[in-house]
Colleague: 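First the structure, which I've put down as structure tokens, then a few questions once you've had a look.
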Amino acid sequence: MGIDDNEKAERLDQLAELVDASLKFTRVLKRKGVSQATLQVAVRARPLTKVERAKGARNIMRLVDEKCVVILDPEEDHNSREPGAGLLKPMKKKEVAGGVRKKERRYMFDSAYDGESSNEAVYAGTVLPHIAGVLRGTNATVFAYGATGSGKTHTMVGDQTDPGLMVLSLRDVFRFIQRDSQEKDYTVECSYTEVYNELVYDLLIPNSSPLELREDPERGPMVAGLTHVKVEDENKIFKLLREGNARRKTEETGANAVSSRSHAVLEIWVTRSDRNHYNKAFSTGKLALVDLAGAERASETNNRGQQLRDGASINKSLLSLANCINALGKRKKKGFVFVPFRDSKLTRILKDGLCGNSRTVMVATVSGSDLQYEHTVNTLKYANRAKEIKTHVRENQGTVETHIAEYQRMIDALQEERRDLQAEVRRLKSQPGSQAGSRSGSGLLGLPPPMAPEDVERFAAELAEATDACARAQRVLLEAKSDAAARMVRMLDGREGGGGE
């Protein structure tokens, strides 16, 4: 008993140390304006297709409630009817401990949607709560994950009758801006990127050449030379989105009539600033919407040649993403775990969304068909692990400090005084300074009499002193530029360079 008591005491001590360390870490984050957030996971099941119904497929996915998902055993009731008799054939139940059938799976997520749910319903429960935060300066990432043909592109892009999460997000961004535009100034920029065969392309320009993905120490992964388009209304950004989708690489495969052969990343930057010339606060939020290509098997798609190579590249990048999700999910239990972000361009782009400064939503799209049982279980397995991922969220805010604003006012006043003194010196030098008659004549005309040479020298000395003071104030202003002001300049004026230097 003594040994058992000692072991229990050691475990309690270790648990107490872990709790204390966690509380200290949380307090440090709060002092720095950082809050922890858990990756939000939603599951969406598509209805059966006509091809699946023709093959006799049945729906094995059930929603117990708005969060619980059950995948039934695909072998249950299979061939359970007598041919032509219409009577149920008795089956031997395959059960394990707890009465759960061998292949039945149960999962709990933040939200779950069946095949009857519209994109508007999925958007209201996943993305909409984060739009206001983007306008306040926080980052948000939304990506759809699933096998090929599971409905990722329909969820993210949608169609005319049922617009996807990308379109709905952009619509509400501009609606929120219109409500607050009387008190704040807003600037919206967007970019649209494609990752195809581990090469990055710009979807906003035709015939884009491959671009380089670089690491910026402040803003994270950035694409050098990527086009950032300033947009002022939702119609323009919808037009850019349609043009980008038309340039995206899609092909018909044996598993999907319109299969995306690349990953697409739409990023929107929203910069909000105060209407104040001298003490101007600003915040910049980023919304990243990612439509991933689907994992596929060559035996199911019957791909050959280039399609086969494209499928291998897609599977490789999705495997890297799955490895990153596994590693990040283990951090809670094992502490430090190496995360292989650099194994793929896709994982490098999603790095901030998976463990950085972002509130992230993962929409796992699955098929309820018993023919897609293995794909569905694999997708839900990774989605279940993603629930353990933590991100650190902070508002991207900056302000021009008060003393810098005072220096700016001093410079403006000194420059105005300098202009007045220069005008006075030019007037004095242009007048004759010797004859008394000219002085009296000037008096008769109502003009001020010319000044003595010593007065001119005094004005010149005052002009030089004002010029020196203006130069000193300008030097002090340059030296007093804070990091926040420098970041604002780079965000507003330096994005065209790609941020990769």
Side-chain angles (χ1 to χ4, degrees), residues 127 131 134-135 137-143 153 156-158 163-178 180-181 184-196 199-214 216 218-249 260 262-273 282-291 345 349-350 352-353 358 396 487-501:
V127 187
I131 297 298
V134 172
L135 270 64
T138 60
N139 299 336
T141 303
V142 183
F143 66 96
T153 301
M156 297 303 297
V157 181
L165 304 186
M166 288 184 176
V167 178
L168 297 174
S169 301
L170 299 174
R171 178 200 67 186
D172 283 349
V173 164
F174 284 97
R175 288 183 179 180
F176 279 49
I177 288 176
Q178 288 179 355
D180 197 29
S181 58
K184 304 287 184 179
D185 290 327
Y186 286 91
T187 303
V188 181
E189 295 182 357
C190 74
S191 67
Y192 203 9
T193 313
E194 177 185 50
V195 181
Y196 174 70
L199 296 175
V200 182
Y201 296 93
D202 190 348
L203 290 177
L204 294 184
I205 60 175
N207 302 321
S208 169
S209 58
L211 304 176
E212 291 189 14
L213 182 62
R214 298 175 180 173
D216 186 274
E218 294 182 358
R219 294 191 292 171
M222 300 293 296
V223 180
L226 184 64
T227 303
H228 293 262
V229 179
K230 185 176 180 181
V231 291
E232 297 179 352
D233 54 56
E234 56 185 287
N235 294 326
K236 182 177 180 180
I237 202 168
F238 290 160
K239 179 182 177 182
L240 294 173
L241 183 61
R242 287 193 296 269
E243 293 175 354
N245 290 331
R247 299 186 184 105
R248 190 179 176 188
K249 296 174 178 61
S260 301
S262 64
H263 313 293
V265 182
L266 176 66
E267 293 183 322
I268 301 101
W269 286 270
V270 181
T271 301
R272 183 182 69 169
S273 58
F282 70 94
S283 62
T284 301
K286 182 180 74 171
L287 175 63
L289 302 162
V290 186
D291 179 21
K345 296 285 182 65
I349 291 175
L350 290 178
D352 272 351
S358 176
N396 307 312
R487 283 197 296 271
M488 181 182 69
V489 172
R490 286 198 297 272
M491 288 179 185
L492 298 180
D493 299 331
R495 283 199 180 131
E496 292 297 330
E501 296 182 0

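Positions are given from 1, in the same order as the sequence printed here. Not measured: the values here are computed from a predicted model.
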Colleague: M166 vs D291, test: side-chain contact (heavy atoms from CB on, under 4.5 Å). Steps then yes/no.
Modeller: CA-CA 9 Å; M166 288 184 176; D291 179 21; 4.2 Å; yes

Colleague: Would you check, one step at a time, whether the test side-chain contact (heavy atoms from CB on, under 4.5 Å) holds for Y196 with R248?
Modeller: CA-CA 9 Å; Y196 174 70; R248 190 179 176 188; over 6 Å; no

Colleague: Taking only residues two or more places apart in sequence, or in another chain, which ones meet E267 in a side-chain hydrogen bond (donor to acceptor under 3.5 Å, both in side chains)?
Modeller: none

Colleague: Using 0.5 Å steps for rounding, measure from the NZ atom of K286 to the CD1 atom of I268.
Modeller: 10.5 Å

Colleague: Between atom CG of L226 and atom OH of Y192, what is the distance when rounded to the nearest 0.5 Å?
Modeller: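 Rounded to the nearest 0.5 Å, the CG-OH separation comes to 12.5 Å.
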
Colleague: When rounded to the nearest 0.5 angstrom, what distance separates OG in S191 from CG in L266?
Modeller: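 These two atoms lie 7.0 Å from each other.
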
Colleague: Mind checking whether V200 and T193 have side chains closer than 4.5 Å, heavy atoms only?
Modeller: yes

Colleague: Taking atom CG of N207 as the centre, does the number of heavy atoms from other residues, nucleotides or ligands within less than 6.0 Å exceed 12?
Modeller: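 No.
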
Colleague: In a check of side-chain contact (heavy atoms from CB on, under 4.5 Å) between L240 and each of T227, L170, V229, which one passes?
Modeller: V229

Colleague: Are the side chains of L241 and I237 in touch, meaning some heavy atoms are under 4.5 Å apart?
Modeller: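 Not in contact.
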
Colleague: Can you pull out every salt bridge (Lys or Arg N to Asp or Glu O under 4.0 Å) where at least one residue sits in residues 220-236? Sequence neighbours excluded, please.
Modeller: none

Colleague: Consider side-chain contact (heavy atoms from CB on, under 4.5 Å). Of I131, V270, T138, which one does L287 pass it with?
Modeller: I131

Colleague: Starting from the C-alpha separation in whole Å, work towards a yes-or-no answer on side-chain contact (heavy atoms from CB on, under 4.5 Å) for V173 and V134.
Modeller: CA-CA 9 Å; V173 164; V134 172; 5.6 Å; no

Colleague: Looking at side-chain heavy atoms only, is the closest gap between V290 and L350 below 4.5 Å?
Modeller: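 In short, these two side chains touch, coming nearer than 4.5 Å.
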
Colleague: Checking D180 now: which residues fulfil side-chain hydrogen bond (donor to acceptor under 3.5 Å, both in side chains) with it, not counting sequence neighbours?
Modeller: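 Counting only residues at least two positions away or on another chain, D180 forms a side-chain hydrogen bond (donor to acceptor under 3.5 Å, both in side chains) with Y186.
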
